[in-house]
Amino acid sequence: MKRWHAPVVVFTCLGLGFAQGGDAERAQAEIARARRQLQQARGETERLHDLRLRHDLGLPGDDGERTFKPTAPADTETMERMHQELRDQDAQTATILERYNKLRAAVDQLRADAEARAQREAAERPSFTVPTAGSAQPTPIDSPVRSTESPPAPVANPAPAGETVRATTMEPVAVSSLDPMRATITGSTDHQRVAQALFRAGQALLERGAAAREQAQLTIAKDLDDRGKEKLQRALDELAPLLKAKEPPFEALFYQGRCLELLFRHAELHDGLSMVTRARDYQKREQEVRDPFLRITARDVRKTGQRNEVEVLGPWGMAAQAAMEHFRWMNLNASYDATAAIQALTWPGEKDR
């Protein structure tokens with residue numbers, strides 16, 4: 001048994017030496033691989049740093065991006081084909097540019113013709129000068145009536161030289177004494193726009209009449225109110241063709257309600273319309289004013305919500321509802337006058353003064 005101990009020890013030592021030699025080789029290989037990875041990482045770091053500098057300076061990112069790399073060798077046939085494509089593109093560009101220049105010249109010519117036509121029509125359109133109230137009517141130079149007319153009457157208390165007569169707070173409006181209308185002017189066929197213009201004219205006349213009434217110019221106020229009433233009735237006549245439709249436009253219905261409301265106020269001022277004396281007529285006229293607004297609120301309804309279960313009014317419906325609420329509030333509170341209540345106020349010692 002002792003004779004086998006020495007070889008075993010020798011083989012064991014040799015095995016340990018070989019094992020230590022293999023570990024050293026593996027360690028050297030790992031060190032070499034780590035060094036290669038370190039060099040690659042440093043190279044990648046330098047490349048990225050260089051790309052960042054090029055990007056900041058606006059230079060190409062890589063030298064290969066500056067040149068074109070053809071997919072096929074550049075032979076004579078390929079070069080000829082590319083030159084032909086370039087010539088075709090140039091010819092197409094020239095054709096499109098020529099068409100653009102022609103169209104632009106045609107548009108400029110049409111615009112110039114339209115401006116010239118508008119100026120010519122404006123020059124040919126007859127102009128009328130409407131004299132103001134109290135001014136002398138101009139007479140043509142070649143009229144034989146000029147020689148037989150008497151000189152204008154002198155003005156009482158003329159203003160001194162260099163001064164002008166001070167205007168009153170409101171210029172008086174003379175009652176018009178025009179002849180009956182003999183013809184109508186052929187104008188726009190848009191009933192909605194004509195009715196809108198007539199409504200605004202009637203509204204302005206009624207506002208001027210209210211201002212004249214505040215200044216105790218009752219005759220002028222009555223004339224202005226009557227002229228405003230005529231404009232409003234003509235506006236309703238213009239709206240009649242639009243209101244005959246099954247579903248009239250919201251705008252036509254709204255202006256119908258506004259015209260009827262202003263005519264309702266005119267009747268309160270001048271026709272004795274009152275809830276006390278003529279309750280039946282008063283309620284009938286009130287309902288006539290509300291009807292157009294109610295038709296708007298009944299139609300202009302929109303559904304909202306996740307399942308469209310909530311109904312809300314649209315813009316025209318909200319405007320009609322506001323108009324009805326304003327009309328109702330004016331009927332209830334417009335006659336309120338705080339003057340009597342203010343004048344009835346007293347304080348201690350007032351009678352002793």
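As the structure is a prediction and not an experimental result, all values here were calculated from the model.
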### Query
If you count the non-hydrogen atoms of other residues, nucleotides and ligands that lie under 6.0 Å from NE2 in H270, is the total more than 12?
yes
### Check against side-chain hydrogen bond (donor to acceptor under 3.5 Å, both in side chains), D237 and Q233
CA-CA 6 Å; D237 294 339; Q233 290 176 346; over 6 Å; no
### Query
Got a sec: does the CD of E77 have more than 12 other heavy atoms crowding it under 6.0 Å?
no
### Task
Indicate yes or no: at least one non-hydrogen side-chain atom of L313 is less than 4.5 angstrom from one of D300.
no
### Message
Can you confirm whether P248 sits close enough to Q256 that some side-chain heavy atom of one is under 4.5 Å from a side-chain heavy atom of the other?
### Response
no
### Task
Could you pull out all residues at least two apart from E98 that satisfy salt bridge (Lys or Arg N to Asp or Glu O under 4.0 Å)?
K102
### Message
Would you say CE of M318 has more than 12 non-hydrogen atoms from neighbouring residues, nucleotides or ligands within 6.0 angstrom?
### Response
no
### Message
Between the side chains of D281 and R285, is the shortest nitrogen-to-carboxylate-oxygen separation below 4.0 Å, so that they form an ion pair?
### Response
no
#### Entry: Main-chain N/O of F327 paired to N331 side chain as donor or acceptor, under 3.5 Å
yes
### Query
With a 4.5 Å limit on heavy-atom distance, are the side chains of M330 and E261 in contact?
no
### Query
Got a sec: does the CZ of R87 have more than 12 other heavy atoms crowding it under 6.0 Å?
yes
### Task
Quick one: do Q287 and D291 satisfy side-chain hydrogen bond (donor to acceptor under 3.5 Å, both in side chains)? Show the steps, please.
CA-CA 6 Å; Q287 189 61 34; D291 282 343; 2.9 Å; yes
### R227/D223 ion pair, N-O < 4.0 Å
yes
### Message
If you count every heavy atom of other residues, nucleotides or ligands that lies below 6.0 Å from E286 atom CD, does the total exceed 12?
### Response
yes
### Query
Does R299 reach the side chain of F250, with side-chain heavy atoms less than 4.5 Å apart?
yes
### Task
Could you point out which residue of T219, D225, D226 forms a side chain to side chain donor-acceptor pair (under 3.5 Å) with K222?
D226
#### Entry: E238 side chain near R234 side chain, heavy-atom distance below 4.5 Å
no
#### Entry: Donor-acceptor under 3.5 Å (R258 side chain, A323 main chain)
no
### Query
Do E325 and R328 meet the salt-bridge criterion of a basic N to acidic O distance under 4.0 Å?
yes
